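Here is the structure we will look at, set down as structure tokens.
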Amino acid sequence: MSAEPSIFTLIIRGQIPSHKVYEDDHVFALLDINPFSPGHTLVVPKEEAATLDAMSEESAAALGRALPRICRAILAATGVDSYNIVQNNGESAGQTVDHVHFHVIPKHRDGRGLSFSINSSSLSEEDGAEMAERIRSHL
Ligand code: 5GP
């Protein structure tokens with residue numbers, strides 16, 4: 001991780017302005033500066049972990065507690081009934097700010113929001129058993 005504070009840390013400290021929607025001891029939420037749709041919100045842990053896997057349990061628990069409440073507020077404020085949560089980890093996964101953040105992206109009835117295509121394949125019994133065992137062995 002860089003020694004320099006991330007853009008989100010500077011925002012959390014109040015050194016860069018933002019449209020804040022929520023704050024507690026561990027979590028900060030703000031409107032995205034380049035929204036995919038009206039209400040697009042970023043939910044950020046104050047702990048400056050670069051990716052989700054680097055978060056402390058305390059910070060992750062606080063984020064998990066705050067997220068549904070923030071989502072309910074976004075639903076009520078925008079009037080949508082659908083939304084996507086996007087959380088990118090690593091440059092090749094599309095992460096541009098190296099400080100964990102969850103995008104909450106309202107899906108509006110006129111189509112504004114996240115659009116994506118998924119390239120799924122089918123999981124064979126053999127590959128599934130092997131991969132699940134490999135992951136379990138690291139937990
Ligand atoms: P990522 O691509 O890392 O998942 O998403 C980073 C997000 O942070 C982008 O959607 C981008 O618009 C948003 N962002 C980057 N800089 C700022 C900023 O200074 N203020 C706000 N409000 N959002 C920002």
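Numbering of ligands and ligand atoms starts at 1, following listing order. What you see is a predicted model, and the numbers here were worked out from it, not measured in a lab.
Here the straight-line distance linking atom CZ of F28 with atom OG1 of T9 works out to 10.5 Å at 0.5 Å rounding. The CD1 atom of I85 sits 9.5 Å away from atom CD1 of I70, with the distance rounded to the nearest 0.5 Å.
Below 30°, between 30° and 60°, or above 60°: for H101 and F8 the angle between ring planes is above 60°, a perpendicular geometry.
Close contacts of ligand 1 with Q95, meaning ligand atoms under 4.0 Å from a residue heavy atom, involve 3 (O). Atoms of ligand 1 found under 4.0 Å from any heavy atom of L30, numbered from 1 in the order shown, are 21 (C), 22 (N). Against a heavy-atom cut-off of under 4.0 Å, I7 is close to the following atoms of ligand 1: 19 (O). For ligand 1, the atoms sitting less than 4.0 Å from at least one non-hydrogen atom of F8 are 8 (O), numbered in the order shown with element in parentheses. If you number the atoms of ligand 1 from 1 as listed, the ones under 4.0 Å from a heavy atom of I11 come out as 18 (C), 19 (O), 20 (N). Per-residue contacts place N34 under 4.0 angstrom from the following atoms of ligand 1 (heavy atoms of the residue considered): 12 (O). Short contacts between ligand 1 and L42, defined as distances under 4.0 Å to a heavy atom of the residue, involve ligand atoms 8 (O), 13 (C), 23 (N). Ligand 1 places these atoms under 4.0 Å from at least one heavy atom of G94: 1 (P), 2 (O).
Around atom CD of Q15, more than 12 heavy atoms belonging to other residues, nucleotides or ligands sit under 6.0 Å away. Residue E126 qualifies as open at atom CD: its count of foreign heavy atoms under 6.0 Å is 12 or below. No more than 12 heavy atoms of other residues, nucleotides or ligands shown are found within 6.0 angstrom of CD on E58. Shown here is E130, whose CD atom has more than 12 heavy atoms of other residues, nucleotides or ligands within 6.0 Å.
Test L31, I12, L30 against S18 for side-chain contact (heavy atoms from CB on, under 4.5 Å) and you get one pass: L30.
The protein heavy-atom contact nearest to atom 22 (N) of ligand 1 is L31 O, 2.9 Å. In terms of protein heavy atoms, atom 14 (N) of ligand 1 is closest to I33 CG2, 4.0 Å. With hydrogens left out, the protein atom closest to atom 3 (O) of ligand 1 is T96 N, 2.7 Å, a heavy atom. Considering only non-hydrogen protein atoms, atom 10 (O) of ligand 1 sits nearest to D32 OD2, 2.5 Å. Nearest protein neighbour of atom 15 (C) of ligand 1, counting heavy atoms only, is V97 CG2, 4.1 Å. Distance from atom 1 (P) of ligand 1 to its nearest protein heavy atom, with residue and atom name: H101 NE2, 3.1 Å.
Contacts of H103 with ligand 1, taken as heavy-atom pairs under 4.0 Å, involve the side chain alone. Here Q87 has no heavy atoms under 4.0 Å from ligand 1, in either its backbone or its side chain.
Here the closest non-hydrogen pair linking N88 and G94 is ND2-O, 3.7 Å.
Annotation: H40 places no N or O atom under 3.5 Å from an N or O atom of ligand 1; distance criterion only.
With hydrogens and angles left out, the side-chain atoms of E47 and S56 include a donor and acceptor closer than 3.5 Å.
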- Query: H103 and L42: side chain to side chain contact (heavy atoms under 4.5 Å, CB included), yes or no, with the steps?
  - Reply: CA-CA 5 Å; H103 297 256; L42 301 172; 3.3 Å; yes

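Within the 4.0 Å heavy-atom cutoff, I16 does not count among the residues contacting ligand 1.
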